[in-house]
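Numbered from 1 within each chain, the chains take letters A, B, ... in sequence-line order.
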Number of protein chains: 2
Amino acid sequence: MLKNSEFVSKLRNSGLRPTKQRLKICEVLFNRDKTFHFTINDLAKNIAENFNEKISLATIYNTVHAFKDKGYLKEITISSDKSYFDTNITKHHHFYDEDTNLLIDCNDNEIGKVNIKNNITGKKISSVEVLVRVASDTQNQD
Amino acid sequence: MLKNSEFVSKLRNSGLRPTKQRLKICEVLFNRDKTFHFTINDLAKNIAENFNEKISLATIYNTVHAFKDKGYLKEITISSDKSYFDTNITKHHHFYDEDTNLLIDCNDNEIGKVNIKNNITGKKISSVEVLVRVASDTQNQD
DNA sequence: AATTTATATTATAATCATTCTAAACTGTTG
DNA sequence: CAACAGTTTAGAATGATTATAATATAAATT
Ligand SMILES: [Mn+2]
Ligand SMILES: [Mn+2]
Ligand SMILES: [Zn+2]
Ligand SMILES: [Zn+2]
């Protein structure tokens, strides 16, 4: 639950001008109690439906990528035809519900620490991510 | 290291007609000692360079997807702009080298079993996949 | 082995998410 | 305010993937 002036500083501090488009997108993404997952399409629809002033799709793409580059968003890749962004930038894992196409954050009480015994020589680990795909219990759902 | 007649049976058994295009693709993908990772583009290039008869790109797409649907290939999604296929269809995890864009299989001596303590209620786990991104040790590589 | 039927291949066009372009606009700085 | 760099925008371009529909091939049937 951050407020406008905080977004202004946040953007300034990372070398991004606090334009009204970026502030609007900050509001949509970060002015919440809980983090969430979204696609570019979700975000564009959200903005189109909830605000009068429209933001061009190019700007939405630019902004989301800028925020990702600055570390304010993480990108979660599930399949070749769907890319999610995550406002939860802490290290965490995901369940992916194949029935609903929803991503769900894992807590530490759901997935234990991944034990990496040997890494590739000369390389540094930049992230470790677990994706648990889940689907309906029953075989023939109709 | 399977041979032609084995591919014919394999295809017939899964309801796919053993056409010469599919057999050629089987040969490229499965007539090897070791499993490997490839993109559609890699495969198309490989076929174009190593064989006289060309296979249309549409057929390459169709065949790779058919093989995936039949469980002869797995798809590994690394980023929104790159999709790999894997001829290793056993459960396993991956290292992804961000410097070279290469995928490397993990053995059990590299990543311990992932401990899933709580699953989503009413759902069955269909897969558990770990992706470890690695990159060069040094900060300023040139 | 010829005929029929179902399937597969192909060149090409269509789609669609994403990126590019370059002109207009805005935030910042002095 | 003037000057400049950075940003937004509509629309065009791109490029990977999928659709189309005509042709070819494999399998099944006579
Ligand atoms: Mn695919
Ligand atoms: Mn992206
Ligand atoms: Zn998340
Ligand atoms: Zn693999």
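The nearest whole Å value for the distance from the CD1 atom in B:Ile40 to the P atom in D:dT18 is 8 Å. Rounded to whole Å, atom C1' of D:dT17 lies 11 Å from atom CZ of B:Phe85. Between A:Lys20 atom NZ and C:dT26 atom P there is a gap of 6 Å when expressed in whole angstrom units. The distance between atom CG of A:Leu57 and atom C1' of C:dC20, rounded to the nearest whole Å, is 13 Å. Spacing between atom CG of A:Leu23 and atom P of C:dT26 amounts to 15 Å, rounded to whole angstrom units. Per the geometry, NZ belonging to B:Lys68 stands 12 Å off P belonging to D:dT17, to the nearest Å. Distance CG (B:Asn62) to P (D:dA21): 16 Å, rounded to an integer number of Å. Across the protein-nucleic acid pair, A:Glu53 atom CD and D:dT7 atom P stand 19 Å apart, rounded to whole Å.
B:Phe30 carries B:Lys10 over the face of its six-membered ring, with the cationic atom under 6.0 Å from the centre and within 45° of the normal. Geometrically, B:Lys74 does not engage B:Tyr84 in a cation-pi contact defined by less than 6.0 Å to the ring centre and at most 45° from the axis.
Dashed line: the shortest gap from a side-chain N or O of A:Arg22 to OP1 or OP2 of D:dG6 is not under 4.0 Å. OP1 and OP2 of C:dC25 both lie 4.0 Å or more from every side-chain N or O belonging to A:Gln21. Of the side-chain N and O atoms in B:Tyr61, none sit less than 4.0 angstrom from OP1 or OP2 of D:dT18. The phosphate of D:dT18 (OP1 or OP2) has a side-chain N or O of B:His65 nearer than 4.0 angstrom. Of the side-chain N and O atoms in B:Arg12, none sit less than 4.0 angstrom from OP1 or OP2 of D:dA26.
Out of C:dT28, D:dT7, D:dA27, the shortest distance to the side chain of A:Pro18 is found at C:dT28. Listed nucleotides: C:dA11, D:dT9, C:dT9. Nearest to the side chain of A:Ser56: D:dT9.
Within 4.0 Å (heavy atoms only), B:Lys82 reaches no atom of the nucleic acid at all. When heavy atoms are screened at a 4.0 angstrom cut-off, A:Thr59 is found touching base atoms of the nucleic acid.
Residues B:Asn41 and A:Leu16 each lie close to DNA chain D; by heavy-atom proximity, the contact nearer the 5' end of the strand is made by A:Leu16. Between A:Arg17 and B:Thr63, the residue anchored closer to the 5' end of DNA chain C is B:Thr63, taking for each the nucleotide with the nearest heavy atom.
Going from atom SG of A:Cys106 over to atom NE2 of A:His94 covers 7.5 Å, rounded to the nearest 0.5 Å.
Defined by atom type and a distance below 3.5 Å, a donor-acceptor pair is missing between the side-chain atoms of B:His93 and B:Asp105.
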Quiz item: Given A:Glu129 and B:Arg133, is the salt bridge (Lys or Arg N to Asp or Glu O under 4.0 Å) satisfied, shown in steps?
Solution: CA-CA 8 Å; A:Glu129 283 176 14; B:Arg133 289 172 200 271; 5.2 Å; no

